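A short write-up of the structure that comes next.
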Amino acid sequence: MAARAASGTPIIDAQGLMKSYDRQRDVLKGVDLSIAAGERVALIGSNGSGKSTLLRCLIGLHGISGGSLATMNQPLSARNHRAVQNSIRLKTGFIFQKHCLVRRRTVLSNVVHGFFGTPGSWRAHSHHLAPTAWRTRAMEALDDVRLADRALARADTLSGGQQQRVAIARALVRRPRLVIADEPAASLDPLSGKNVMDLFARLCADHGITLLFTSHDMDHALTYANRVVALKNGRILFDKASDKVSQDDLKDTFND
Ligand SMILES: Nc1ncnc2c1ncn2[C@@H]1O[C@H](COP(=O)(O)OP(=O)(O)OP(=O)(O)O)[C@@H](O)[C@H]1O
């Protein structure tokens, strides 16, 4: 049962959202999802239930096949113009399971890469080219993730957990309104995963950033989100406050 976000202009507003990749099979089968500014939402579901597809539709990376969708008031459709995608990207931070850092570049340059897409983007290739304001902001973001002292180290000399914190700094460097994270802690050991999620959720809360993340770790979903949305076979199975999610809800989500 889908519940609409309580108040405020939605950051994300999907109604009856459909998506098929091949016109033969619908991967998303009528998803209603409304997320208000400042919410922290976990998207859960079995492998193949459609979580990543939904995230990609929400940011205009995939066109939708039916229904309606607006992200930050920007309507999205079957074929999204590059300008629409860029407009959403400029206000959105992304974090993926694999941190996708440029391994041979410094930590600081990797954070400066978060400015790609803004005017004068070529300066985001390296911290040497970046304007002072970008470098300063990147250092603040590194300070937020407690890695300012590693700014000039090569990215591939950091541990997996540290690299994921660099990815968080890169996602937050432009102070986005929305952060979308696809399994942000999945490649980390349990303790590093918990540390990264603690930090990530706190930074989003401190900066008033709306957060939508997927996770296969139910502790993470229930701890770091204030709302949990379960997808099953491309449909929303439930959408409720995290403290209302029961063991039976989780069983229904993951059982055939
Ligand atoms: N680019 C694509 N082209 C065709 N089919 C795709 C594409 N991406 C995903 N699919 C299909 O869509 C369905 C949903 O996949 P999706 O990756 O969205 O699920 P998921 O819930 O994120 O899974 P997981 O938990 O394994 O990451 C799957 O059947 C998958 O094979």
Side-chain angles (χ1 to χ4, degrees), residues 1-2 12-35 40-69 71 76-82 84-85 88-89 92-100 160 164 167-168 171 178-190 193-194 196-197 200 210-225 227-240 242 245 249-256:
M1 197 59 49
I12 286 168
D13 194 13
Q15 300 300 321
L17 177 59
M18 311 277 294
K19 172 67 187 172
S20 89
Y21 287 101
D22 53 10
R23 296 177 189 214
Q24 312 253 312
R25 184 175 71 93
D26 290 323
V27 172
L28 299 176
K29 301 169 182 163
V31 169
D32 294 340
L33 180 66
S34 181
I35 298 180
R40 290 193 307 283
V41 180
L43 187 59
I44 63 169
S46 312
N47 293 128
S49 55
K51 302 179 299 297
S52 301
T53 299
L54 178 56
L55 294 188
R56 286 165 178 269
C57 287
L58 297 180
I59 57 176
L61 215 56
H62 290 327
I64 63 174
S65 311
S68 68
L69 173 62
T71 297
L76 291 160
S77 61
R79 301 188 69 175
N80 296 309
H81 198 271
R82 175 139 317 172
V84 171
Q85 294 175 336
I88 291 174
R89 267 181 227 166
T92 309
F94 305 101
I95 297 170
F96 300 101
Q97 178 179 344
K98 300 228 169 69
H99 19 78
C100 309
Q164 197 60 318
I168 290 171
L178 170 69
V179 168
I180 298 234
D182 203 357
E183 300 190 48
S187 60
L188 305 178
D189 69 63
K194 180 183 176 305
V196 161
M197 287 304 295
F200 181 36
T210 308
L211 170 62
L212 174 61
F213 69 97
T214 66
S215 183
H216 285 293
D217 184 320
M218 290 308 106
D219 283 341
H220 288 180
L222 297 175
T223 306
Y224 299 111
R227 178 175 160 203
V228 177
V229 176
L231 265 189
K232 187 161 186 167
N233 298 325
R235 291 193 170 88
I236 291 190
L237 180 68
F238 67 80
D239 176 350
K240 53 171 77 171
S242 29
V245 176
D249 287 331
L250 298 180
K251 268 192 213 144
D252 290 346
T253 305
F254 294 103
N255 285 351
D256 280 340

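Quantities reported herein were computed from a predicted structural model and do not represent experimental measurements. Each ligand, and each atom within it, is numbered from 1 in the order the structure gives.
Between T53 and Y21 the shortest side-chain heavy-atom distance falls below 4.5 Å.
Heavy atoms only, all atoms of each residue included: G45 and F254 are closest at C-CE2, 3.5 Å. Here the shortest heavy-atom pairing between I236 and D239 reads CG2-CB, 4.2 Å.
Judged by distance alone, the side chain of K194 and the main-chain N or O of H220 form no donor-acceptor pair under 3.5 Å. With hydrogens and angles ignored, the 3.5 Å screen pairs a side-chain donor or acceptor of K19 with a backbone N or O of G63.
Interatomic distance, CZ of F200 versus CZ of F213, reported as 8.0 Å (0.5 Å rounding).
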Check ligand 1 against the protein and report each N/O to N/O distance under 3.5 Å, formatted as atom name, atom name, distance.
from	atom 1	to	atom 2	distance (Å)
ligand 1	8 (N)	Y21	OH	3.3
ligand 1	18 (O)	T53	N	2.9
ligand 1	18 (O)	T53	OG1	2.5
ligand 1	19 (O)	G50	N	3.3
ligand 1	21 (O)	S49	N	3.2
ligand 1	21 (O)	S49	OG	3.3
ligand 1	21 (O)	G50	N	3.0
ligand 1	21 (O)	K51	N	3.0
ligand 1	21 (O)	K51	NZ	2.7
ligand 1	22 (O)	S52	N	2.9
ligand 1	22 (O)	S52	OG	2.8
ligand 1	23 (O)	G48	N	2.8
ligand 1	25 (O)	N47	ND2	3.2
ligand 1	25 (O)	K51	NZ	2.7
ligand 1	25 (O)	H216	NE2	2.9
ligand 1	26 (O)	N47	ND2	2.9
ligand 1	29 (O)	R25	NH2	2.8

